[in-house]
Structure formats: C-alpha cells, structure tokens
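Everything on this sheet refers to the single structure shown next.
All of these numbers come straight from a predicted model, not from anything done at the bench.
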Amino acid sequence: MALINADVMKPTINELLNYEKTNITTTAHPELLIAPVVMIFNKLIDRFLPFIDKFDFNAETLNRKIGFWGSKFAIGAYLGVFIGLLARQSPSEIFRLAFIAGVSLELFAYVGGWFGPAIDPLSQGITTFMSKRLRGRKLFIGIDWPILAPRAELWAVANILAPILLIVALILPGNHVLPLGGILMTVLAPALLIITKGRVVRMTIIGTVMIPLFLWAATMIAEFLTSTSKAMGNFPTGLAKGSLFLLSTQIRLRKC
C-alpha cells in the first residue's frame, strides 16, 4: 500500500517541488498512508465548500512579511520554550532548549531540500538499467518525507495547527494525551500538503478535523506502549504515579 501510494503521489510531488519528469525521487513514508483519508475530506470540500479557495494565500509571501517571528527557527524556538515551561525547567535550560529546537527545525528544512537533487545524478543510470530489466517500466526511489520540507506551506500550517492541537487535546472528550514532541503535526502535514497541493486554508480545515482521530488513537495505545516500555526497561524516570507514556517516531505523549 505504501509503494502504490508513493507511485500515485509522484506527479504531485513533481509539481510541488518543481522536479523534472525524469526525476525518480518520491516518498514512501508510512505516515503518508493517511493521504487517502485526507483525500476524502478534500473531495468533500470540493463538493460543499469550494469557495474557501478564494481566501487562500501564499504562505511563502506571508512568511516573508512576518519576518523572523514566522521563520522556521522561531517556530522551533516557540516549541522549545513551550516544552521547557511544561517541564518546569530553569530559564537557562529553557533558553538552551529553545535554541536547539530552533536550529534543528531550520536545518531540517534545508537538509530535506537536498534529498531530491542528491538523487538526480543517479537518475539516468538507474533509469537506463531498470528500463532494460523491467521492459520499459519506470522505477522511482522512495525516500523520507522531508523532501517536502522546502515548501513554506508545510511549516505555515504546522504553526497554525500547533495551538489548535493543544486546545483540542485539553477539551476533547475521551482524550488523555498531551502532545509535546508531535505538536507540529509532521505526522499529518505532509499528507495535507500533497493532497491539497499546498492550499493553506484547506490544509488547516482538514488538519483541524483530523486532529481528534490522532488524539483518540494515541489514548487507546498509550497503556499498551507504557507496559511494553516497562517490560523493555525503557520507561522514563521521574513521571508521576499513574502516568502513561507514549513514544513513536513522530510524537511523545504523556497522560494528563
């Protein structure tokens, strides 16, 4: 399913990243398996709310107007300060965490932008070789989702969804999870970018609607992951009695 999904998304990835048709880079990251669900909501908007596209805006232009305070470094710094405050760290520790988070997020986007061009020198040779072996079929190379990181819409929507995610987590019935490491919703934002082709208003609406699904899912598996973490000897120290701990590639959560 992940491989078929990667094939289907390839033309849109070319469009979003200005890749040539001969480029063989795509992404087969498992988190993009949420894309078909995002597509359903996108089709519903096509049918019932098509006028919202009139209110869309250019995220890159907006980021330039906002300047430093809307940059990826600033977003990372905000996140670092937020986590530091929740952890009741000292001012010096909060400052250090904010700086590290800001630098990491800034570099993350640059490094992600290198993935696609780095594959280009291999494209011709691989295409020639595989066309002989696969009777004309084209072979794509599926790498991690950060190839999408250069798109400004990804970070603009992540910044918009972060406070929404926190508010929803606090008021959603049946939820017992407080998102920290996953507050930027990078587990969802790439699929939103691809399916909507970077239309920020659509990305924000669909992301807001889908946030409860992730929180409920995290709540359901938190107890299992806590017991598994204890059995493996990886349960973090210092948590209050009765706390549940959830850790995955994208998000770290603790029961409130």
Side-chain angles (χ1 to χ4, degrees), residues 1-21 23-63 72 75 108-109 112-113 115-116 138 140-165 168 179 182-218 248-251:
M1 291 177 66
L3 295 175
I4 294 173
N5 196 43
D7 283 345
V8 172
M9 292 187 299
K10 175 57 176 167
T12 304
I13 290 175
N14 285 349
E15 181 181 342
L16 290 171
L17 301 179
N18 295 319
Y19 286 166
E20 299 291 337
K21 289 185 178 180
N23 184 282
I24 60 174
T25 307
T26 185
T27 175
H29 198 288
E31 71 181 28
L32 288 164
L33 286 171
I34 197 67
V37 180
V38 175
M39 184 178 292
I40 292 174
F41 287 109
N42 194 53
K43 291 295 184 182
L44 290 175
I45 291 177
D46 284 339
R47 182 170 180 82
F48 299 106
L49 299 171
F51 59 87
I52 65 172
D53 290 335
K54 297 179 181 179
F55 304 101
D56 211 58
F57 56 90
N58 187 296
E60 191 170 352
T61 301
L62 178 64
N63 287 346
K72 289 180 279 293
I75 294 172
F108 186 79
F115 286 173
K138 189 170 184 178
F140 297 133
I141 294 181
I143 56 179
D144 211 340
W145 73 263
I147 61 172
L148 302 168
R151 291 292 305 201
E153 297 90 347
L154 185 74
W155 304 106
V157 171
N159 200 21
I160 294 171
L161 290 180
I164 296 175
L165 173 60
V168 173
I183 199 168
L184 288 181
M185 289 300 290
T186 53
V187 70
L188 176 60
L192 294 172
L193 175 71
I194 291 175
I195 296 301
T196 66
K197 296 185 177 180
R199 286 174 283 188
V200 175
V201 175
R202 286 188 182 227
M203 292 173 68
T204 303
I205 292 174
I206 298 173
T208 301
V209 172
M210 293 187 65
I211 279 174
L213 302 180
F214 287 88
L215 293 174
W216 281 326
S248 70
T249 304
Q250 298 297 336
I251 193 165

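In terms of modelled atom types and a separation under 3.5 Å, the side chain of N5 and the main chain of L32 share a donor-acceptor contact. In this structure a side-chain-to-backbone donor-acceptor pair under 3.5 Å is missing from R151 to L148.
T204 pairs with exactly one of I206, V200, V201 by the side chain to side chain contact (heavy atoms under 4.5 Å, CB included) rule, that one being V200.
Atom CG of L188 is separated from atom CG of L192 by 4.0 Å, given to the nearest 0.5 angstrom. Atom CE of M203 sits about 7.0 Å away from atom CD of E153, to the nearest 0.5 Å. Of the inter-residue distances, the one linking I211 atom CD1 with L165 atom CG reads 5.0 Å to the nearest 0.5 angstrom. To the nearest 0.5 angstrom, L16 atom CG is 7.0 Å from I194 atom CD1. Here M9 contributes atom CE and H29 contributes atom NE2; the two are 11.0 Å apart, rounded to the nearest 0.5 Å. Rounded to the nearest 0.5 angstrom, N18 CG and I13 CD1 are separated by 13.0 Å.
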Notebook entry, point to check: Does the pair I147 and Y19 meet the rule for a side chain to side chain contact (heavy atoms under 4.5 Å, CB included), with working shown?
Noted result: CA-CA 11 Å; I147 61 172; Y19 286 166; 4.3 Å; yes

Item checked: CA sep, side-chain torsions, deciding dist, call: N42, K197, side chain to side chain contact (heavy atoms under 4.5 Å, CB included) -> CA-CA 11 Å; N42 194 53; K197 296 185 177 180; over 6 Å; no

Checklist line | Steps toward side chain to side chain contact (heavy atoms under 4.5 Å, CB included) verdict (L193, W145) | finding: CA-CA 11 Å; L193 175 71; W145 73 263; over 6 Å; no

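Heavy atoms only, all atoms of each residue included: K10 and T25 are closest at NZ-O, 2.6 Å. Among all heavy-atom pairs drawn from A2 and A28, the shortest one is CB-O, 4.0 Å.
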